[in-house]
Amino acid sequence: MRDANVFAFRKAMPRMSWSPRNLYNLWRRSCAAEAEAIDFTRSPKTLFQQRWISKALVRAYHGDFINEKIFKRWYLPDTLPDVRPRQHALASNGDLDAFAGRTEQLERAKKRAYDEQKKGLAPVGSLMLAEVERRIDVFIFRCCFAHSVYEARRLVIHGSILLNGKKHTDANTRLAPGDMISVDPAAIRFLQEPGSSKAESEYEQPSDLEPKTESSGPSQPNLSAKAASTKSSLTPFNLPPYASPFIFIPAYAEVSFPTCSAIYVRHPTARPGYSEIPTPYDADGEVIRLAWEWYSKMRPRTRSKSQMAREPENRRVGGH
C-alpha cells in the first residue's frame, strides 16, 4: 500500500478493498453529499476541473498502486473498442432470407435492436480499464481470494501464487485468456483458524449440566471425540465484517473455491446496459466519460525502444 491513509474519510475515495472504512467511503460517494460533488450537470467547476476530479476518482479505485506514467503508457487503449457486432446487409425479402439460411441472423439482429432500444448502448467507456483488470493481482482480488488488491500483490510477491502450475512473483503480469492461477490455501486469511476458539473448548470439556449416569459414561468420551474430529476435518471459513457487498465474481472469471484456483476465461467486455468491469461509478456516466476525455488528451503518444524494453509482462494466447 503506497499511502497509509488510503481510506481517509476526508477524501472519501473508494478503493479495491473489503475494509469497513472503504465501504463507508463507497456509501458516501454513492448516496451522501460527496455524490452530489461529482454530479456535473449544474456545476460551477470548469471542464478542466471536472476532468481532473473524475480522473482522480477513477484512478483511486482502478490501480492506485500503478505509477501514473506507467498507467498512461501501458494500460490505456489507443481507442475505445467497438463491442457492437457487425451489421450484415440482409435482404428484406423473408423468403430469400429463409432460403439462404439467414433466419438466425435476423433473430439476433432483432434481439440486439430491442436490447439497445430498451437498455441503451453498451457502456464502452469503462472498457478503457480492461488492461488493469488483466493484471494478476487485480484478478486475484476479483476472485475473492484476498481482502484487498494490496494483499493480492503481497501474495504474488511472496510466492503464494502459481500461474499455470509454476510459481509466479511478478504482480504486474497481464493474463491471457486461458491462464489459470492457484493460491496457497495457507495464505488466504479467511481460511485460517482464529486465534482462540470457544467451540473447541466446548468439545474438549463436557458440560456439567448433563446428567451423569453409569450407563452413559463409556459412550460420552466417544461422542465428544467424534465431534472434535469432525470439526478439525472441516476447513475454517471466517469472512471479515462487512465483506458481503464485495463478494461477487465477474463474468470473465471461472473460480473454483475447493481448489483455490481460478481461470481467466476471456477479456472483459460490455453489452447493452451492462459492463463486465466492476466499478463504483456508472459505467456510462459522467465520471468515466470525463476520465477518458482527460487521458485521451494527456496520454503519451510515442514509446521509445528503451520504454518498450520496460513494458510489464503482457501474456497472449499461445504465448508465454
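Since the model is a prediction, treat every value here as computed from it, not as a measurement.
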Item to check | Test log, rule side chain to side chain contact (heavy atoms under 4.5 Å, CB included), inputs T41 and E286 | outcome: CA-CA 9 Å; T41 304; E286 289 181 318; 4.1 Å; yes
Checklist outcome for this item: What one should report as the nearest heavy-atom pair of I136 and I161 is CD1-CG2, 4.1 Å
Next on the checklist: For F257, give me all partners under ring pair (Phe, Tyr, Trp, His ring centres under 6.0 Å), at least two apart in sequence or on another chain.
Outcome noted: F145
Item to check | Residue among H62, H267, R174 satisfying side chain to side chain donor-acceptor pair (under 3.5 Å) with E131 | outcome: R174
Item to check | Minimum heavy-atom distance between P280 and P14, given as atom pair plus value | outcome: CG-CB, 4.2 Å
Next on the checklist: L290 vs L47, test: side chain to side chain contact (heavy atoms under 4.5 Å, CB included). Steps then yes/no.
Outcome noted: CA-CA 9 Å; L290 291 172; L47 183 59; 4.1 Å; yes
Checklist entry - Can you list the steps and then say if V287 with D282 is a side chain to side chain contact (heavy atoms under 4.5 Å, CB included)? => result CA-CA 7 Å; V287 174; D282 186 3; over 6 Å; no
Checklist entry - Can you name the residues that form a side chain to side chain contact (heavy atoms under 4.5 Å, CB included) with Y274, not counting sequence neighbours? => result R271, E276
Next on the checklist: Under the criterion side chain to side chain contact (heavy atoms under 4.5 Å, CB included), I'd like the reasoning laid out for I263 against D179: C-alpha separation, chi angles, the key distance, then a yes or no.
Outcome noted: CA-CA 6 Å; I263 298 177; D179 284 343; over 6 Å; no
Checklist entry - If you measure from SG on C260 to CD1 on I181, what distance do you get to the nearest 0.5 Å? => result 9.5 Å
Checklist entry - How far does CD of Q50 sit from CG of D39, to the nearest 0.5 angstrom? => result 10.0 Å
Next on the checklist: Going by side chain to side chain contact (heavy atoms under 4.5 Å, CB included), name the residues that satisfy it together with P20, two or more places apart in sequence or in a different chain.
Outcome noted: Y242
Next on the checklist: Keeping R135 on the side-chain end and F139 on the backbone end, is there a donor-acceptor pair under 3.5 Å?
Outcome noted: no
Checklist entry - Are L191 and F141 joined in one hydrophobic group, where the rule is that I, L, V, M, F, W and Y side chains link up if heavy atoms are under 4.5 Å apart? => result yes
Next on the checklist: Checking side-chain polar atoms at under 3.5 Å, does T259 have a donor or acceptor matched by the opposite partner on S261?
Outcome noted: yes
Item to check | Shortest non-hydrogen contact from A291 toward M128 | outcome: CB-CE, 3.8 Å
Item to check | Test item: N238 side-chain N/O and Q192 main-chain N/O as donor-acceptor pair under 3.5 Å | outcome: yes
Item to check | Under the ring pair (Phe, Tyr, Trp, His ring centres under 6.0 Å) test, residues paired with F248 that sit two or more places apart | outcome: none
Item to check | Common cluster, I157/L175, ILVMFWY with side-chain heavy-atom separation under 4.5 Å | outcome: no
Next on the checklist: For the CH2 atom of W74 and the CG atom of N314, what is their distance to the nearest 0.5 Å?
Outcome noted: 9.5 Å
Checklist outcome for this item: Residues F7 and S17: closest non-hydrogen pair is CZ-OG, 3.4 Å
Checklist entry - When hydrophobic residues are tied together by side-chain contacts of less than 4.5 Å, even through go-betweens, does M180 share a cluster with I188? => result no
Checklist entry - Side chain of D64, backbone of R59: donor and acceptor closer than 3.5 Å? => result no
Checklist entry - With sequence neighbours left out, what residues match I288 under side chain to side chain contact (heavy atoms under 4.5 Å, CB included)? => result V58, T279
Item to check | Test side chain to side chain donor-acceptor pair (under 3.5 Å) applied to R51 - qualifying residues, sequence neighbours left out | outcome: E293
Next on the checklist: Please enumerate all residues that pass salt bridge (Lys or Arg N to Asp or Glu O under 4.0 Å) together with E254, with sequence neighbours excluded.
Outcome noted: none
Checklist entry - Is a side-chain N or O of R142 found less than 3.5 angstrom from the main chain of A253, in a donor-acceptor match? => result no
Item to check | Ring centroid separation Y150 to H147 under 6.0 Å | outcome: no
Checklist entry - Rounded to the nearest 0.5 Å, how far apart are CD of E133 and OG of S126? => result 9.5 Å
Item to check | Listed partners of N22 passing side chain to side chain donor-acceptor pair (under 3.5 Å), at least two apart | outcome: none
Next on the checklist: Which residues pass the side chain to side chain donor-acceptor pair (under 3.5 Å) test with T169, not counting sequence neighbours?
Outcome noted: none
Checklist entry - Can you pull the salt bridge (Lys or Arg N to Asp or Glu O under 4.0 Å) pairs that have at least one residue in residues 152-161, sequence neighbours excluded? => result D137-R153, E151-R154
Item to check | Y252 six-ring face occupied by R134 cation (under 6.0 Å, within 45°) | outcome: no
Checklist entry - Taking the side chain as C-beta and beyond, is there a heavy-atom pair between V255 and C144 under 4.5 Å? => result no
Checklist outcome for this item: Taken to the nearest 0.5 Å, the spacing of D170 CG from L163 CG works out to 10.0 Å
Item to check | Nearest non-hydrogen partners of Y61 and R15, listed with the distance | outcome: CE1-O, 3.3 Å
Item to check | Hphob cluster co-occupancy, Y295 + W52, side-chain heavy atoms under 4.5 angstrom | outcome: yes
Item to check | Check: E313 and N172 side chains under 4.5 Å, non-hydrogen atoms | outcome: no
Checklist entry - Can you get from V132 to V265 by hopping between Ile, Leu, Val, Met, Phe, Trp and Tyr side chains that sit under 4.5 Å apart? => result no
Checklist entry - Rounded to the nearest 0.5 Å, how far does NZ of K297 lie from CZ of F48? => result 12.0 Å
Checklist entry - Which pair of non-hydrogen atoms, one from I53 and one from F40, has the smallest distance, and what is that distance? => result CG2-CZ, 4.3 Å
Checklist entry - Can you list the residues that meet the side chain to side chain donor-acceptor pair (under 3.5 Å) rule with D184, with sequence neighbours excluded? => result none
Checklist outcome for this item: Going by chain and number, the hydrophobic cluster around W27 (ILVMFWY, side chain to side chain under 4.5 Å) further includes F9, Y24
Checklist entry - Can you check whether S54 reaches R289 side chain to side chain, under 4.5 Å on heavy atoms? => result no
